[in-house]
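Below is one structure, written out as C-alpha cells, with a few remarks after it.
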Amino acid sequence: MKFGHFDDDAREYVIETPKTPYPWINYLGSESYFALLSNTGGGYSFYRDAKMRRLLRYRYNNIPTDIGGRYTFINDGGDVWTPTWLPVKADLDFYECRHGMGYSVITGERGGLRAETTYLVPLGETAEVQKIKFTNTSGTAKSFKAWTYVEFCLWNAEDDQTNYQRNLSLAEVEIELNEDDGAATFSAIYHKTEYRERRDHYAVYAVNQRTSGFDTDRDAFVGLYNYLGEAQVPREGQCHNSVASGWYPVGVHQLDVTLAPGESKEIVVVLGYVENPDAEKWADGKHQIINKQRAHALVQRFATAAAVDAAVAELKAYWTDLLSTYKVKSTDEKLDRMVNIWNQYQCMVTFNMSRSASYFETGIGRGMGFRDSNQDLLGFVHLVPERARERIIDIASTQFPDGSAYHQYQPLTKRGNHNLGSGFNDDPMWLVAGVAGYLKETGDFGILDAPVPFDNEPGSEVPLFEHLKRSFDFVLNHLGPHGLPLIGRADWNDCLNLNCFSTTPGESFQTTENQAGGVAESTFIGAQFVLYGRDYAALAERRGLVDEAARARAAVEQMEHAMLEHGWDGNWFLRAYDYYGKPVGTDIDPEGKIWIEPQGFAIMAGIGVDSKDPSSSEFKESKAGKTLAAVEQHLGTPHGMVLQHPAYTTYQVQLGEVSTYPPGYKENGGIFCHNNPWVIIAETVVGDGASAFDHYKRITPAYREEISEIHRLEPYVYAQMIAGKEAPKHGEAKNSWLTGTAAWNFVTASQYLLGVRPDYDGLVVDPQIGPDVPSFTVTRKARGATYVIDVVNSGKPGSRAKLVVDGKPIEGQTVPYAPPGAEVHVTATL
Ligand code: GLC
Ligand code: GLC
C-alpha cells in the first residue's frame, strides 16, 4: 500500500495523507542552520549543533507522536483547524505534502480555504523561512484569523529537558509589534534567554505583515491543561499579548486576513538565528535591549513573497547542479530515482548530521563518528569535495599518535569526545578508506602533505600521510594469536563487545571492558585491513616510498593469509575469536552461526576469490562461491539480508550488546541495511550482477514503496534497520535517514551495479547489474571533464564490459582522465 507517489521531474515525494504509518520527514538546510520537518509540520531546528544550539523545542516519545513544530492555526468563522492536520486534527478536504531537495510544501484545505506553506532554509542564511499562501476557494468573501506558532528551546537541548528548577525562571523575550522600517511593516518576537549573560546569540521570529496581536507565553496561548491541538487562543479568537517571563516561551503572531472569492494572499514567516559579536551585543547602554540590526536585515531580505520564491529557485538550481555530477538514464525508473535524486540527497543529510538529529536520534546524544563520518564521505565526496576535504582534516585531527582515535567528536568544537574515548579498533582504517575515496574523486594528492595535529594538540602536526601510516600500523601493532586484528571494544559492529562481560544494568557496552587481557580478534578488521591496506600501499607508492609500499603489501598479504587460514569456517568466514580464543560465527554453534560483515568485506577485498565467473564450477568450489551461497541460504529474506543467523535467544555475556536485542532486531538478526551493500558489492566483484541487483532491490526504499504499510518509514530514504525474519514484524523499518546505508548504497549502485567509479588515474567502467537492466547511460562529471557512458548489457554472469572510448577500443576497464572541459564518449558492451 502506498501513501503517496514520486514526482521525479520535480524531485519530490508527494505524500497524499497526513496519516502516514509514521511521521515522514525532510531536512531543511545544508550549511549551518538545519531543520527537521515532518509531513504534518512537526520537528525542530538548530544552528550547527543539535544539542548546544537548539532553536525549537521537540518532545520525543510524545503522545500522540510528533506534536511540536511550526504550525498555523486558523479560525474561519468559528471553525478551528491546522493545514498540517496536526495538531488540531480537523479533517481536511485536501491535503498534500511535497518533500523536495531541502524544502517542503504542505497544503491543507478546509471549508473553502486553502493554505499552502513552503518551508526552506535559504542558501547562505542561518534562518528558516515559510511562505504561507492563503487562497479563498469558496464562492463568498472570507474574513478569518490565523496564528503562526513555534515553541522555543532554551538552546541547550539536553539541559532544556532536565534542568527545570533553573530553566523555568529564565525565559526572556522582546517584541516589536507592527514596526515600520520605512519599506514595510513587520512584527517580530525575539527569544533572548541567557543573552543577558554569556550567550552572544538570539532567535528572531517575524512576519512581514501588520499583525493584530501576539503571545510569547505558552500557557497564555495554549492554556495550562490543554493539548496543543486544543490551544485556547485560536478558539477564543484573540491573543493576550503575553510577554514571557520564565516558564515556556513561544512565538505567536496573530493575522487578520480578508479574501474575496478566488483571491490569494501570501505571508512570509522567518525564524532566524542571530549572533552578535561582544562589542555589538546591545542596543542600549544599560545592556537590556538587544541589538537587532542583523535580525532586521534578515527580515528585510525576506520582506516579500517574491524574495522567498527567488530563494526556492536558487535552492533548486543548487541541487540541479549538485546532482549533475552523477546521472543515470535506464529502463528502471526506481533505480534512476534512487541514484539520481534520493540516495544522493540522503548522502548530503548524513554527511551534515552524522548520527545526531533525526526522529530516532535526539540530537543530544552523539556527535560526529570517526568511523561513520569517514564512510558518509564515500557517498558525498563527489557532491562538494571541498567540504569532504575539510571533514577529513577535522576527523584526522582527533587521531592519537598511536593511530587510534576518539570514536566521536563534537561538531561545534571539533574536539574528541572524552566520555566515549577510544578503543574501537576498526576506526583507524576507516580514515584510509575516507582519504582514498577523496583522492580517487579529486586527485588532490596535496592533501597528504597537509599538516594535521594529533588530538587537536597545537604543535603536534604531521603530514596527513603520516596519519594514514599510523592507522595502518595501529592494526599491525594490535594483532592477536591468529595473526588477526584485536577487536578492542568493538569493530564496525558496535554491539559485538567481546571484552565487556557486563552484568550491571545500564553499563555502557561500548565503553566498558570488565575483563582485560583477552585475545578477542576480528575477521572484519582483517578484511578491512586487506581492502584499505592496498590503498595505503598504493598511496605510499605514489609518494615514491617504494620500501613502505612493499612493507605494506607484505603485511596485507600476510593478513590475507591469516584470513584464509584462521578466518575460515568451512563454508563461510568466521566473525571473530572471543575473549578466550573460541570462534564466533561458526557452524558448530547453535546460534550466531554466520554473520554478514566479514562475508561481504572479505570478498570485496578479493579474499577467497579464485574465479570471477559465477557460473563456473571453479567459482562454486571457491571460498567466495561457498560464502555467497551460504549468505543467501542463511541470511537472505525478501526484505534484505539479516546480520546473523540464527539470532541469539538469550543474553550472552561473552558477546555483549548484540544479544541484548530480542531476536530479529538491530544487530541481533535484524536486517542491518548498512552491511547489505558489502555483500552486493562482493557479488559484483565475482561477476554476479543478477544477485547483486536482486539484493539491492530488497532493501532499497523506492522498491519497497508498495509495501509502505509493512515498511512504515519514508519510501524515499534508507532506514538503518528492517526487522529480521525472527522478529514478529518482519519487514518493518526503524531508524530512517541517518545511517551509513546511504553512502554505501550510493557507492554500490553508482560504482558497482552501474559500475562507474573513480580511481586514481581514470574512471573505471565495470557494470554488473544482471539482465534486468539491458541498457543505460551514465553521465559522470569527474575532475572537470564529462563522461557520457552508454552501456549495452547482456547481463551474462561473469562478463566484463568491452570499452570503446571516443571511437577507439581500449584494453581493460579504466578510461584515463581527460583534461578539464573535455567531453568523453564511452560505449561499454557486455
Ligand atoms: C550504527 C553506528 C555505526 C555502527 C553500526 C553497527 O549504525 O552508527 O557506527 O557501525 O551501528 O553497530
Ligand atoms: C547501540 C546500537 C548500535 C549503535 C550503538 C552506538 O548499540 O545498537 O547500532 O551503533 O548503540 O550508539
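A quick note: this is a predicted structure, and the numbers were derived from the prediction, not measured. Residue indices begin at 1 and follow the sequence shown. Every number for a ligand or one of its atoms is a count from 1 in the order of the listing.
- Figure legend: R391 and F351 shown as a cation-pi pair, the cationic atom lying under 6.0 angstrom from the six-membered ring centre and within 45 degrees of its axis.
- Of all protein heavy atoms, the one lying nearest to atom 12 (O) of ligand 1 is E667 OE2, 2.6 Å.
- By the 6.0 Å and 45° rule, K734 stacks over the aromatic ring of Y665.
- For atom 4 (C) of ligand 1, the nearest non-hydrogen atom of the protein is W492 O, 3.2 Å.
- Of all the atoms in ligand 1, the ones that sit under 4.0 Å from a non-hydrogen atom of F672 are 5 (C), 6 (C), 7 (O), 11 (O).
- Residue-ligand proximity: Y661 is placed with a non-hydrogen atom under 4.0 Å from ligand 2.
- Side-chain contact between P701 and Y718 is present, with heavy atoms from C-beta onward closer than 4.5 Å.
- At a 4.0 Å cut-off, not a single heavy atom of R355 sits close enough to ligand 2 to count as contact.
- Between D491 and R575 there is a salt bridge, since at least one side-chain N of the basic residue sits less than 4.0 Å from a carboxylate O of the acidic one.
- Test E705, E714, H99 against Y13 for side chain to side chain donor-acceptor pair (under 3.5 Å) and you get one pass: E705.
- Taking the six-membered ring for Trp, F573 and W568 have ring centres closer than 6.0 Å.
- Protein heavy atom closest to atom 11 (O) of ligand 2, with residue, atom name and distance, is Q510 OE1, 4.1 Å.
- Because its NZ or CZ atom is not both nearer than 6.0 Å to the ring centre of Y438 and within 45° of the ring axis, R389 does not count as a cation-pi partner of that residue.
- Judged by distance alone, with hydrogens and angles left aside, the side-chain atoms of E521 form no donor-acceptor pair with the main-chain N or O of I487 at under 3.5 Å.
- Using a distance-only test at 3.5 Å, with no hydrogens or angles considered, a donor-acceptor pair links the side chain of S358 to the main chain of F360.
- Per-residue contacts place C495 under 4.0 angstrom from the following atoms of ligand 2 (heavy atoms of the residue considered): 7 (O), 8 (O).
- Considering both main-chain and side-chain atoms, H674 never comes within under 3.5 Å of ligand 1 through any nitrogen or oxygen pair.
- Closest to atom 7 (O) of ligand 2, if we only count protein heavy atoms, is E657 OE2, 2.7 Å.
- For ligand 2, the atoms sitting less than 4.0 Å from at least one non-hydrogen atom of Q720 are 9 (O), numbered in the order shown with element in parentheses.
- The heavy atom nearest to atom 10 (O) of ligand 2, considering only D494, T739, L420, is found in D494.
- With a 4.0 Å heavy-atom cut-off, ligand 1 is reached by the side chain of D372 but not by its N, CA, C or O.
- Set against the non-hydrogen atoms of K666, the atoms of ligand 2 under 4.0 Å away are 2 (C), 3 (C), 8 (O), 9 (O).
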